[in-house]
2 protein chains.
Amino acid sequence: MVSLRDFILGISPLSESAWQDINALFLPKQLRKGDYFITEGKTATQIGFISSGIVRAFAKGKNGQEYNKHLFTAPSFIGGYASLITGNINKINQEALTDCELLVADYNKLTGLYDKHPDFERVARKLAELFFAAKEQREIELVMLSAEERYLLFRERMPGLEFEIPLYHIASYLGVSAVQLSRIRKSLAR
Amino acid sequence: MVSLRDFILGISPLSESAWQDINALFLPKQLRKGDYFITEGKTATQIGFISSGIVRAFAKGKNGQEYNKHLFTAPSFIGGYASLITGNINKINQEALTDCELLVADYNKLTGLYDKHPDFERVARKLAELFFAAKEQREIELVMLSAEERYLLFRERMPGLEFEIPLYHIASYLGVSAVQLSRIRKSLAR
DNA sequence: AGCTAATCTTTACATAGGTTAATTTTCTTC
DNA sequence: GAAGAAAATTAACCTATGTAAAGATTAGCT
């Protein structure tokens, strides 16, 4: 299990003093399967770190359809990132798909450390860059690859995950209906 | 016309000394319609700022299909951002769709200024965050909206652009074929 | 102005994938 | 382990969108 400390240090080095200040802002929190970490409608204020468990981030369309924007597994940050950084109303929901262990901090208190700890702002910069690169990759794959190719990629990248959560969540993450994913699986099995 | 200086200051304040160091790294460059700023295959090293003109960023699929990931208009940064920040091989091409005026800098020299000018690293952080938020928005729209809705949004956001570049580039940017966009336009006209 | 090439539209056809509803399978929980 | 709920599959049908090719229109030269 990767600690928050190791996770951050994996991104960029940090002075011990910066780490102390950061660590002091995170408090443990549990989510039970089905609980929400954030819901749409208000500006996001908190950032979380998943120590264990699975969380889906999804957007809701006008007709009630849901789109699983991301499936988070430990270790990773969760929260309404776009809302946190822009200050706009959050439009994303994040629901625990299993029981989860989190560490949670107030985002504004964290960003308040940037002036005192430029090495922490560097972490934030690199994180934002990594998030961007991941999004760009996903965007290209959504447009350039067939649903079948996306499914195969998913199995490579997140092996086993398809047996831990309902298939319709994976379908939504892949941008297809559950029915279509079922067809794809059938045709692959042959 | 927005200068590089104003563009950067619009993101986050900057000391005059930082600006001087940054500005010294940018050199003017012209692109003629059809010229490429970057092509896939090597790690990206340069970042550009468009003072005027239009550039498309596109990915190529295995079968030669192209997907216009982004249409850049002045003022904005261009370059193989994902490659610059990760150091991975660049997979994106960027082609001038009109004659362009650019300012171009070596990316490593720029990032070398972060230690000396934390206020510039702050600019970089905020930029990365904004890029991320824009990508996320685009991702959601690609999956949740119909091609017609995406086209209408495009016309709102980039008014007039559809008359400056070939329609098939816009179709590709919207994630549909030129034929389909033509059908959409016809049905809207009625 | 007129020629050529580029762009856009249209037609005809094929297909991936959506929707709905019924059925089967798997998981919970008492 | 039986009953009920949740999840997954299947079938039937439909639509958006792709591809290819032909025509029509527009734009860029010289």
Side-chain angles (χ1 to χ4, degrees), chain A residues 32-35 54 56 58-68 71 95-99 140-155 160-190, chain B residues 32-35 54 56 58-68 71 95-99 140-155 160-190:
Chain A
R32 273 189 298 177
K33 181 175 174 176
D35 287 350
I54 304 169
R56 73 177 178 118
F58 66 100
K60 279 188 207 165
K62 4 185 167 27
N63 314 322
Q65 351 80 288
E66 297 183 354
Y67 163 59
N68 281 351
L71 298 175
E95 178 196 7
L97 296 180
T98 65
D99 293 352
I140 293 174
E141 288 169 3
L142 275 172
V143 176
M144 306 276 285
L145 301 183
S146 68
E148 176 173 316
E149 292 171 309
R150 298 200 298 277
Y151 173 57
L152 291 172
L153 258 184
F154 167 80
R155 290 205 305 195
L161 187 53
E162 76 180 306
F163 306 113
E164 299 192 56
I165 61 178
L167 216 55
Y168 56 78
H169 281 321
I170 292 166
S172 171
Y173 175 67
L174 296 175
V176 296
S177 66
V179 171
Q180 183 61 9
L181 180 53
S182 186
R183 288 194 275 240
I184 289 168
R185 282 155 61 92
K186 187 181 182 181
S187 94
L188 285 174
R190 209 173 320 123
Chain B
R32 273 190 298 179
K33 182 175 172 174
D35 287 350
I54 304 170
R56 72 175 177 119
F58 66 101
K60 280 188 206 161
K62 6 184 162 30
N63 315 322
Q65 353 80 289
E66 297 182 354
Y67 163 59
N68 281 350
L71 298 174
E95 178 195 7
L97 295 181
T98 66
D99 293 352
I140 292 173
E141 288 168 4
L142 275 172
V143 176
M144 306 277 283
L145 301 184
S146 69
E148 177 172 315
E149 291 171 311
R150 298 201 298 276
Y151 173 57
L152 291 172
L153 257 186
F154 168 80
R155 291 206 304 197
L161 186 53
E162 76 180 307
F163 307 114
E164 299 192 57
I165 61 179
L167 216 55
Y168 54 79
H169 281 322
I170 292 165
S172 171
Y173 175 67
L174 297 175
V176 295
S177 68
V179 171
Q180 183 61 11
L181 180 54
S182 186
R183 287 193 276 239
I184 288 168
R185 282 155 60 90
K186 186 179 182 184
S187 94
L188 285 173
R190 208 170 323 124

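All values derive from a computational prediction rather than experimental measurement. Throughout, a chain's letter reflects where its sequence line sits, starting with A, and its residues are numbered from 1.
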*Does a side chain donor of either Gln180(A) or Ser177(A) reach within less than 3.5 Å of an acceptor in the other side chain?*
no
Regarding the side chain of Leu167(A), the nearest nucleotide among dA16(D), dA8(D), dG17(C) is dA8(D)
When rounded to whole Å, the CG to P distance for the pair Leu145(B) and dG18(C) reads 15 Å
By nearest-heavy-atom nucleotide on DNA chain D, the more 5' of Leu181(B) and Lys33(B) is Leu181(B)
>> Is Ser177(B) close enough to dG18(D) that one of its side-chain N or O atoms is under 4.0 Å from OP1 or OP2 there?
In response: yes
Whole-Å distance, Tyr67(A) OH to dG18(C) C1', equals 17 Å
Taken to the nearest 0.5 Å, the spacing of Leu181(B) CG from Ile170(B) CD1 works out to 7.0 Å
note: Gln180(B), atom CD; dC13(C), atom P; distance rounded to Å ~ 18 Å
Separation of dT17(D) atom P from Ile184(B) atom CD1, nearest Å, is 6 Å
CZ (Arg150(A)) and CD (Glu141(A)) are apart, to the nearest 0.5 Å, by 9.0 Å
Val179(B) has its side chain closest, among dA16(C), dT10(D), dA21(D), to dA21(D)
Taking every heavy atom of Tyr173(A) against every heavy atom of Tyr67(A), the minimum-distance pair comes out as O-CE1, 4.4 Å
note: His169(A), atom NE2; dA6(D), atom P; distance rounded to Å ~ 13 Å
note: Asp99(B), atom CG; dG28(D), atom P; distance rounded to Å ~ 12 Å
Using a cut-off of strictly less than 4.0 Å, decide whether Arg185(A) has a side-chain nitrogen or oxygen near OP1 or OP2 of dT9(D). yes
Practice problem: Identify whether any heavy atom of Ala147(B) sits under 4.0 Å from a base atom; if not, whether one sits that close to sugar-phosphate; answer base, sugar-phosphate or nothing. | Solution: sugar-phosphate
Sorted by position of nearest nucleotide on DNA chain C, 5' first, the leading residue of Ala178(B) and Arg183(B) is Ala178(B)
Taken to the nearest whole Å, CD/Glu162(A) to P/dT26(C) is 15 Å
Here the distance between atom C1' of dC8(C) and atom CZ of Phe163(B), to the nearest Å, is 14 Å
| Donor-acceptor pair, Arg56(A) side chain versus Leu97(A) backbone, under 3.5 Å? | no
Per atom distances to the Ser182(A) side chain, the nearest of dG18(D), dT10(D), dA16(C) is dT10(D)
